[in-house]
Amino acid sequence: MNREQFFQELRTALHREGFTPQLEQDESLPVEWNGLPLCRITEGGGVRYWQEDVATPERERACERATNLARMVQEYMTLMEQAPPLNAQGLLGDFRVLADFNGTVLAGHPTKFGVHFVTWDWNFDRTGLNYGHYFQENYSGAKQDFATRSGLISKQQIFNAAQLTEIYRCCADTLDAGFDLTYKQEQCIKGVQEQILSGMPNILDHINEQEQHATNSQSQELTM
């Protein structure tokens with residue numbers, strides 16, 4: 001994979017998520033968060049860090065987010081480099097086929113704002129495309145849409161972000177409530193939390209924002 005293109009795309013993705021990538025050093029990309037060094041990302045998508053730079057839960061979660069971003073960008077930039085062009089009637093610009101199954105195609109499109117993603121259905125003779133679902137830079141969302149749209153995965157098997165947030169919250173409430181859980185049950189619930197957190201690294205920040213908003217709303221109602 002082209003290192004320069006990978007780091008360029010990674011810088012764009014990191015900026016969107018609130019990180020501050022620095023100039024490349026020793027064939028790796030230094031990353032800052034909240035004005036302090038956080039980690040270094042290698043051209044292979046690996047992440048290195050000093051323990052003192054992730055010494056708080058917030059900074060540890062930030063490093064996990066940066067790690068997940070690096071892996072995701074490394075994945076789709078490798079695919080983009082290998083992908084054939086998407087040729088269809090009326091389609092203009094550089095679109096590349098990342099996946100094609102059962103009449104549905106997932107394409108990547110390089111732009112000055114980073115790679116954007118879209119899914120389409122082929123027409124009956126595979127010469128044109130219909131019903132585009134545009135995901136901008138949301139690669140995970142585009143992959144999920146492709147999987148359900150092409151029939152690889154049933155929609156009933158996938159939880160949306162709001163559902164996952166409530167599941168995570170219920171798991172936390174169950175663990176904190178003092179129920180008489182077996183060790184196996186407790187580990188299973190914690191495993192669910194870890195799985196959700198892996199797919200939604202910022203879920204705790206989202207929950208905290210919801211709770212703060214609810215608190216502020218209650219305070220306003222009491223003062224009325």
Side-chain angles (χ1 to χ4, degrees), residues 1-2 5-19 21 41 45 61-62 64-123 126-168 195-207 209-210:
M1 181 177 58
N2 184 293
Q5 291 180 355
F6 169 63
F7 280 157
Q8 181 179 346
E9 178 70 20
L10 183 57
R11 286 188 187 96
T12 301
L14 288 165
H15 273 300
R16 279 197 302 259
E17 296 299 319
F19 296 96
I41 301 175
R61 289 198 296 270
E64 290 175 357
R65 286 170 52 208
T67 300
N68 290 336
L69 270 176
R71 290 172 178 168
M72 180 181 69
V73 173
Q74 195 272 342
E75 176 183 316
Y76 72 69
M77 288 302 289
T78 299
L79 289 174
M80 288 289 292
E81 193 171 86
Q82 301 170 351
L86 176 59
N87 297 313
Q89 291 178 354
L91 184 65
L92 302 176
D94 181 8
F95 289 86
R96 306 176 195 177
V97 181
L98 303 183
D100 189 343
F101 179 75
N102 200 26
T104 299
V105 61
L106 167 62
H109 174 47
T111 77
K112 64 180 181 179
F113 303 108
V115 179
H116 287 180
F117 304 94
V118 58
T119 67
W120 279 289
D121 287 336
W122 285 106
N123 65 4
R126 292 180 64 89
T127 58
L129 300 164
N130 301 312
Y131 312 114
H133 295 177
Y134 296 85
F135 291 87
Q136 304 300 327
E137 70 278 357
N138 184 3
Y139 177 58
S140 297
K143 285 201 302 181
Q144 181 173 303
D145 185 70
F146 172 79
T148 56
R149 194 172 181 179
S150 66
L152 283 170
I153 299 176
S154 168
K155 291 183 179 180
Q156 283 69 36
Q157 293 179 274
I158 297 178
F159 295 106
N160 61 36
Q163 290 171 320
L164 289 172
T165 299
E166 292 309 314
I167 292 171
Y168 188 95
Q195 186 172 341
I196 294 173
L197 189 60
S198 176
M200 297 178 62
N202 61 343
I203 189 171
L204 295 178
D205 296 331
H206 182 59
I207 290 174
E209 289 175 4
Q210 286 182 335

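Note that this is a predicted model, so its numbers are computed, not measured.
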In sequence, state the C-alpha distance, the side-chain angles, and the governing distance for Phe146 and Thr104, and then conclude on side-chain contact (heavy atoms from CB on, under 4.5 Å). CA-CA 7 Å; Phe146 172 79; Thr104 299; 3.6 Å; yes
For His109, enumerate each residue passing the ring-ring contact (aromatic ring centres under 6.0 Å, His included) test, keeping only those at least two apart in sequence or located in another chain. Phe95
side-chain contact (heavy atoms from CB on, under 4.5 Å) against Thr165, all qualifying residues, sequence neighbours excluded: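 Here the qualifying residues are Arg169, Met200, Ile203, His206, Ile207, Gln210.
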With Gln5 via side-chain contact (heavy atoms from CB on, under 4.5 Å) - residues at least two apart: Asn2, Met77
Qualifying residues under side chain to side chain donor-acceptor pair (under 3.5 Å), relative to [X], sequence neighbours excluded:
X      : answer
Tyr139 : Glu75
Asn130 : none
His133 : Asp145, Arg149
Gln144 : none

For [X], which residues count as a salt bridge (Lys or Arg N to Asp or Glu O under 4.0 Å) partner, sequence neighbours excluded?
X      : result
Arg11  : none
Glu17  : Arg65
Arg126 : Asp100

Full working for side-chain contact (heavy atoms from CB on, under 4.5 Å) between Leu14 and Ile41: CA-CA 11 Å; Leu14 288 165; Ile41 301 175; 4.3 Å; yes
Establish, yes or no, whether a centroid distance under 6.0 Å links the rings of Phe117 and Tyr76. yes
Considering only residues two or more places apart or on different chains, which pairs with a residue in residues 79-94 satisfy side chain to side chain donor-acceptor pair (under 3.5 Å)?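 Qualifying pairs: Asp94-Arg96.
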Would you say that Trp122 contacts Leu129 through its side chain, given a criterion of any heavy-atom pair below 4.5 Å between the two side chains?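 Yes, side chains in contact.
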Is there side-chain contact between Phe135 and Thr119, with heavy atoms separated by less than 4.5 Å?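 Heavy-atom side-chain distance check passes, below 4.5 Å.
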Nearest 0.5 angstrom please: Leu69 CG to Thr12 OG1, how far? 11.5 Å
Count the heavy atoms belonging to other residues, nucleotides or ligands that lie under 6.0 Å from CD of Gln8, then report whether that count exceeds 12. no
Would the distance check show the side chain of Asp121 and the main-chain N or O of Tyr131 forming a donor-acceptor pair, the cut-off being under 3.5 Å? no
